[in-house]
Each structure stands twice: as C-alpha cells, then as structure tokens.
Amino acid sequence: MTTRRSNFLTEIIDADLAAGRVSRVATRFPPEPNGYLHVGHAKSICLNFGLARDYAGTCNLRMDDTNPVKEDIDYVHAIQKDVAWLGFEWAGEVRFASDYFDQMYDAAEALIRQGDAYIDHQNVEEIRLNRGDFTRHGVDSPHRTRAIAENLQLFQAMRAGVFVDGTCVLRAKIDMTHPNVLMRDPLLYRIRHAHHHRTGDKWCIYPMYDYAHPLEDALEGITHSICTLEFESNRELYDWVLDHTRHPQGEAWNPRPRQYEFARLGLGYTVMSKRKLLQLVEDKRVNGWDDPRMPTIAGMRRRGVTPEALRDFADLIGVAKNNSLVDIGKLEFCVRQDLEKRAPRAMAVLQPFSLQLTNWPLGHTDLLEIPWKNGEAATRQVPFGREVLIEREDFSENPPADWKRLSVGKEVRLFGAYFVRCTEVIRENGEIVGLLGTVDLESRGGEAKDGRQPAGTLHWVDASSSIDCELRLYDRLFTVEQPDADGDFLPHMNPDALQVLQGQMEPAAAALPPATHVQLMRVGYFYSDPVDSAPGKPVWNRVIGLRDTWTKAPGRTEGRPDRRKEPQEAKKDDGKKDTAQKKNRAEWRAEKRASTPELAAAYGRYAALGLEAEIADLLTDETDIVAFFDAALRAHPNPGSLSRWFLNDLEGLRKGRPLADIPMDGATFGHFVALLDGGRITVLAGKQLLAHLVAQGGDPVALIGTLGLGKVDDHAAIQAAVDAVLAALPGEADRFRAGDQKLLGVFIGAVLKQMRGSADAGAVRQILLDRLKA
RNA sequence: UCGGGGAUCGUCUAAUGGCAGGACCGCAGACUCUGAAUCUGCUCAUCUAGGUUCGAAUCCUAGUCCCCGAACCA
C-alpha cells in the first residue's frame, strides 16, 4: 500500500508531533475479553496498529478485564489469535488492566486523601435516583461529606472483604449538578466477590471502566487513546481522572494521554453487538463463534476471508466521525479482489447434470493437463470421459436470445477440454434428466482446428472420476439491511444463509488440503473448511460468489435498497405558533435583555446607531461583548463595519473563548477596523492580521509593517503578478478562455497569494479579466 | 428537556476561503477458453434559509434532521 492514509486522527497526530506535545506515537487496542472480536474490532485494530506502524510508534494489546463476572480466559486466547492473524504485532507482552490493580488502588487512596473521593453507602436504586437525569440535577449523597479518615478506613475495609457485594462503593467527588451526567460523582470502585481469571481471589473490589481506563493508558505511556463515538461523554471524566491522579513516582502524567473518538463500523445485513452475537451462539442459531456466517474475525477466517482482504476493507471505508452504515458490498469487493489474485482455478459442479457424448470411444479416458491458473506454469491432470457432468442451470430448453450456454443443437466449449454439441434431451416422466450430445474430437484443449469460437465456455467434471464433495454456500445472515433497527433482530434472520449442496469436484481439486483457496470456475471463491474437511471427504465453504452481471436475481437478498432521502417536505407554516416549542436563541437573548438593563440599554443604543435588529441582538448577547464593542466604537465610530468584522470574523476566531481571554482589547479591535475602513489594508490581509491579533495580540499598525501586510495600490505591480500567474498556469488560462469561468477564482487566489494579500481582490479581478480577454 | 457529537453522489470518504476529487455500487461498450478478471466511457452529491467575501462545502446567524449519554457494563 503506497497511498498514505490520512484522516482526522493523523492530522491530530501530525499537529501533536509538530507542536512537541508528544515525541512518539503510542496507541493501544483494549478489548474486554467477554466475547469474540468482530469485523468492527478489525477496523479498530487496523486503525490503532496502522497508526503505530505509520508513525514508527507502538501499539499495545491490552485486555480490559475489570469485570470478572463477564470475562473469561478463553476469550483472551481467541482475541490474541485474531489480532495476530490479522497480521499485527503488539509491543511487548499482552497487557491486562488487572496488571495495574495495585496502582489503581493506590491512586484511589490518594484521591480519598485529597478529598476527591468518598465511600457511599447508598444502594443502587438510591444512587440512580439521586443522580438525577437530563432534566433534573442530582442531589448529594448523605455520605458525601464523610471525613477523609473514615473514607480511608472504609475503603481499606472494602478491600479487606468485610463487606458483601453492593454494601458500598467508592465515588469521585465532582459535582452532582454537572450537566454531563457521567460527572455526577461517578463510581470508581464496586465490591465484587468474584474469581478473576488472572488475579484469582486477590481482589474483591474492582475498578470501573471510567476510572481504570485512563490510568491504564497513562501507566503504559499511551499518547493517543482511540475509542468509538459512544465514549465522547466519557472523555470529560477520562480527563478528570488524569487531572486528579499522578504517576506512582509522583509526577503529573507525561505524556498525558488524550482520548479521541471515531465512528464504529456499522455493516449492513448483520449485527455487530457482542451481546447479540453471543445470543446467536448461545441459542445455537449459528454453529459457534466461528460459524462462517458470523461477522466475527474467527467466522470470517473459517469462511476463507483473508487478513489482507480485511485490512483492505479497513482502508477502503476510512476513519471519520460520521455515523455510517457501510454497504456490505464493499467487504465483498475486497474479498473478491484479494482472492482473484491468489486463488488457483478448479472445477466443480453444484448441481450435476449428465451429458453423454455419444461419439466418444467407450471406456476411454483422456487426461488433460490444465494450468491451475491461466498464464502460470503449474498444471493438474483433469480426466475427461464419455459422460461429463455440467451445471444444471447451464442448460436451457428454451434459451433467451443472448444465451451463451448449452441448448439443443448448440455448441459450447468445455473449459480446457473439447467442444460439445447437445443433440437430444433425455426425459423421465416428462422431466429432463440428462442430455445426449457429440464431441468435436478435433478440439482437444479447447481450440477448434477451423478456428471457430463457440458462444460460451462451461465448467464441467468427468462423471466417472469426479469426487463427491460438500459445498457450503453462505449468504447474508439477515434479510434486511438493519436487523436491529427496531425491535427484535431474530425474526430477520435469513433462513437461507447456509445452504449445503452435494456437488461433484474434479479429483485434483478434491485432493487439496484443508484451508486452501480456489476459485471454482464460474461459481465462486471457495475455501476448504479447516475444521470439517477430511481426507476423501472434502468440505468447501463458498467465501463469496463471482460478480454476476448476467443473472439478475430479483427477490434475493442481494438487492440493495436505495437509501436516497425523500425530498424534505416543506414545513407548512400556518402562523400558529406551537406554544410547547422550545425557545429559540433569539428569544432566549430577548429574555436575558429584559432582565439585564445594561444589555437592554446597549440594544437601544445600537439600534439608534442604525444597526439592524438582528445585529444589535447578537451584540447584546453578553455584557462583555457590549463592553468590548463599546470600546471599539470609541476608538473607531463605524458601527457597520465594526459589527461585521466582530460577528463574522472575530466570533469565528475566538471559538467560544471569553473575550477576556484573548490578547486584544476592544479599542485595539476598533483601531484594527479603522485600518480597513481607511484603505490601509485589504480584506484578505485584514483576516490574517485579525487572526494574529486574536492569537498573539500586538499593535495593529505596527504589525502591518512586521507582517508586510500594507496595501499595494500600484497598478503595475499587480499587473506583473497577474502576468506571472497566467504564465505559470497556461493550461488553466486556455481553459478559462474556452469558457471555464470557475478558474477565475484560482487565478485570483494565486495572485493574492503571490502578493501576500496586499492587493485588493477587486482590482486583481479587473486586471485579470482584462488580461485574459487579450 | 440538559450535555456531547454529526450532516458532501445510492454507499464510504476527500477537498482546512480558490476547478466538489477518489473508491464501491449501477449503467454502457471493448476484450475474453470463467456472462469472472481486465480496459474504456457514463450517470450521480455539499441538510435548509439568510449573511460576510472578488470568491463559501469550508466563516457567521437562525433553523431542520440524525447519533450518543441518566449499569455497582465496557
């Protein structure tokens, strides 16, 4: 893969590296060992390990085993196997969250000593009730003010096992009225008298994810802790934990890990939650975690999907923050693309159908040498005799006009063998049970002496030597694209997701060992089942069918729904205002003004200055905006341009930061706008200058000189720049003259860039148009 | 209802104020000892409405829609 993958995470890493926030990249893949990994995890694995590889960093494999009642050692082994199979190598040994239980405990005691955590004896219901919800604040626990010494003693008692499960918990002391519910005194530790797959019975208290995870990352020196979108709200708590704990040696965490979230993989026609996959396994609706119908890595591996295909798929779908539902056809594309390159070709018929060649010498068998793959040297022997078996659906009694296969009187080529012609159908009770035909004995190897070309080529096997084989055909596990969209997903299971056929295979292919890929010609890519195949009794899994542009199969699950949106219906505004509607922002501000005389006065003042109501409204959002704007007005009494630059540019640049935090005061802003109104600098230069003022402050007039932003009115200088740009872009100039108007922007941009924003865009545009006319 | 995210071809994803690009799918054709592969071409998108700007997917304002969050799960 030579393409450099880039996404919002690589941008963050690039910036971190450039700014020196980190000096190396350390990621981790942290599964909970409570189930098998699926293709969604594969995306995460490729991301985390891929980032580590691309930046010459490291990626740890860490089992997030903080809940002993759900986790199991068997899963640990399966996970390791899957990650390794995907082709990734983790740094050092496999890590376990449980390796850090001692440090986590110590950090918790430190939290208590700092007064940042307490033991709560409320029960589950009380805690839930007192946490409040989205509409109500929480209320403090009665135990929130317990003395530090008592908290410490209770926590030690918790650890010592004096309490039964559920007696009490350790909670962080944050804020029960916090708008983020996760920050309302989150639980840090709970009591669980349970056997842990690794620490055995050493512990009877276990840390919660939100407390454990940041510490695991920090202890391992992770720089970029990448997780899925549903953890966005948890990030605030992640940061709180790292802000309130220190390295065992006593320093603040360095590097300080940061959490970033990306969209998990949603894939059509399957389910991806571990809970649902576990249910399929436990209810025996599939044959285990590695059932080839499952979206698990183990299932896909057994089906015959390769690690390369899975990695290609991860690259193909990219990484972003959009909730997305990926078309399963993309996975199928990657699988086909990979297998097309690697799979040797062989022949088998799914539904054998007899063709007797009446002019073939009785008892004679011809051994043909056919290459395993076109253009490659290796061959295998393929017997050919008087009776061959072809695919039932390759014969039609009443073929359509463009039929390229067999029908009565028509000639086809049997791949790598002979031309045959069907002369007659054999019927039993009116049903066609076989065919009679003739062979062109001169066409051995598939070429006729006279050079004639039949319309089609079929796959086939020799009836007397072919081997019985079991062919397992897989289809999508569910019949609808989003089985878990609403309600129960089980009714949507595809009963035909597994179809078992008894077919006939050419001997050389049937002798291939288990875990071998082949393309069964004209049928699909197959993989000899690594578990159920036995010598002399081959079992083949169809990994994926060949792309089929011939058979349109209406009603099959292949159909892809068009998810095109209905054109949005224009909302009818019948003038009747819904009184239950929530307040919009303007109404909210109006209310605030009504209760703040200072804002109301400013609003009146601004309106009197001739500002539009909407502008005056926005400027009176907060009192510090008013103060800032008033100062600017005193420095430069032009409300119109002042308000435009404030609202359209400064508001974007400060990105929600309080005005007090930016190193530019209102008067300076006024002086800045005066520069623009006075024609000292251009709009483009103004934007650069403002960005500088917001970031670093300074004196606008002096900065014009330092940054070289002074406006150039010299017509000749602009003309020279225009000519230089046009000379550098001759092709574009021609295209523009040919009518491609969009390119004018490219020219203007290039000239402006060359003149570092010092030329007026309007003037540049005019000169450009003049020049291009010539 | 509160907080946090998100909205670009049918799907996934780029464009960081300057030519809306790529891939999948689909369609058409060429080629073919696989109706495969390969090759060529084509169809198809910036949530809406205002504003700023020479120029807006990108900046501002207002709205709409979608997702996540109220386990002693992760």
Side-chain angles (χ1 to χ4, degrees), chain A residues 6-7 11 30 32 34 64 66-67 70 123-124 127-128 131-136 138 165-166 169 178-182 184 187 189-192 206 208-210 213 229-236 261 263 268 316-327 329-330 333 336 340 345 374 402 404-405 413-416 445-447 453-454 456-459 519 521-523 546-551 560-565 568 571 582 584-586 614 618 644-645 647-649 651-653 683-684 687 732 735 740 742-750 752 760-762 764-766:
Chain A
S6 95
N7 53 54
E11 277 173 29
E32 184 190 12
N34 68 342
D64 214 353
T66 57
N67 187 357
K70 287 167 83 177
N123 63 35
V124 189
I127 287 179
R128 193 181 55 230
R131 182 154 36 218
D133 56 28
F134 302 144
T135 57
R136 294 187 341 267
D165 288 7
V169 292
H178 202 287
N180 179 355
V181 187
L182 285 175
R184 319 240 258 232
L187 273 61
Y189 268 91
R190 78 286 217 194
I191 301 170
R192 279 259 206 285
Y206 292 92
M208 302 287 291
Y209 167 85
D210 283 313
H213 207 85
L229 249 29
E230 67 270 26
F231 289 97
E232 275 171 332
S233 305
N234 302 62
R235 187 178 58 233
E236 198 170 10
E261 309 87 15
L316 183 72
I317 59 178
V319 176
K321 297 190 76 155
N322 301 340
N323 291 303
S324 54
L325 180 60
V326 174
D327 177 1
K330 286 185 171 56
F333 166 79
R336 283 196 189 101
E340 156 66 25
R345 312 295 145 108
N374 201 7
D402 51 352
K404 292 198 193 177
R405 313 178 187 183
R413 167 166 41 223
L414 296 181
F415 182 87
E447 301 285 355
Q453 292 287 340
T457 300
L458 308 184
H459 61 283
Q519 186 203 98
M521 294 190 74
R522 305 208 311 129
V523 178
L546 258 28
R547 188 163 164 269
D548 185 356
T549 51
W550 168 247
T551 322
R560 258 157 41 85
D562 194 332
R563 281 190 251 146
R564 205 184 305 250
K565 292 177 214 116
Q568 220 170 2
K571 275 244 172 71
K582 66 175 175 184
N584 66 32
R585 295 200 196 190
E614 191 194 347
L618 292 168
R644 267 195 299 280
W645 277 92
L647 261 14
N648 288 320
D649 293 281
E651 283 296 74
L653 286 168
V683 170
L684 183 56
K687 294 195 181 195
E732 279 78 0
R735 270 204 285 147
D740 197 347
K742 282 177 296 193
L743 289 165
L744 186 58
V746 177
F747 299 135
I748 295 175
L752 257 23
D760 178 67
V764 170
R765 181 193 164 89
Q766 200 48 57

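Just so we're on the same page: letters track the sequence lines, and every chain starts at 1.
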Students often get this wrong, so: under 4.0 angstrom with heavy atoms, is [X] touching a base, only sugar-phosphate, or nothing?
X	result
Leu316(A)	sugar-phosphate
Asn34(A)	nothing
Ile748(A)	base
Leu743(A)	base
Gly652(A)	sugar-phosphate
Glu732(A)	base
Val319(A)	sugar-phosphate
Gln766(A)	nothing
Arg136(A)	nothing
Asp649(A)	nothing
Lys742(A)	sugar-phosphate
Leu618(A)	sugar-phosphate
Leu752(A)	base
Gln519(A)	base

Ignoring backbone atoms, establish whether [X] has a side-chain N or O less than 4.0 Å from OP1 or OP2 of [N].
X	N	value
Arg336(A)	rU38(B)	no
Arg192(A)	rC72(B)	no
Asn322(A)	rA7(B)	yes
Arg131(A)	rA71(B)	yes
Ser6(A)	rA14(B)	no
Lys330(A)	rU13(B)	no
Arg547(A)	rU34(B)	no
Arg585(A)	rA62(B)	yes
Thr457(A)	rU32(B)	no

Report yes if a donor N or O on one partner sits less than 3.5 Å from an acceptor N or O on the other, where the partners are the side chain of [X] and the base of [N]; otherwise report no.
X	N	answer
Lys687(A)	rG17(B)	yes
Glu230(A)	rC67(B)	no
Glu651(A)	rU61(B)	no
Arg735(A)	rC19(B)	yes
Arg765(A)	rG55(B)	no

Does the side-chain ring of Phe134(A) lie flat on the base of rG3(B), meaning centres under 5.5 Å and planes less than 30 degrees apart?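 The base of rG3(B) is not stacked with Phe134(A) (the test needs centres under 5.5 Å and planes under 30°).
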
Would you say the base of rA74(B) stacks on Tyr209(A) (centre-to-centre below 5.5 Å, plane angle below 30°)?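 One would not call Tyr209(A) stacked on the rA74(B) base.
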
Go ahead and name the base partner of [N]; Watson-Crick or wobble counts if both distances stay under 3.5 Å, otherwise write none.
N	answer
rA15(B)	none
rG26(B)	rC42(B)
rA56(B)	none
rC9(B)	none
rA70(B)	none
rU61(B)	rA49(B)

In terms of base orientation, is rA7(B) syn or anti, with the syn window spanning 90° either side of 0?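 Classified anti.
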
Could you tell me how far apart [X] ([atom1]) and [N] ([atom2]) are, to the nearest whole angstrom?
X	N	atom1	atom2	answer
Phe231(A)	rG4(B)	CZ	C1'	15 Å
Arg128(A)	rG69(B)	CZ	P	16 Å
Leu182(A)	rG69(B)	CG	C1'	6 Å

Please answer whether the main-chain N or O of [Y] pairs with a side-chain N or O of [X] as donor and acceptor at a distance below 3.5 Å.
X	Y	answer
Arg184(A)	Arg131(A)	yes
Asp210(A)	Asn234(A)	no
Asp327(A)	Gly329(A)	yes

Just wondering, are more than 12 heavy atoms of other shown residues or ligands nearer than 6.0 Å to CG in Asn123(A)?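 Yes, the 6.0 Å shell around CG holds more than 12 heavy atoms from other groups.
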
What interatomic distance, in whole Å, is found between P of rU46(B) and the corresponding atom of rU52(B)?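 Rounded to whole Å, the distance is 23 Å.
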
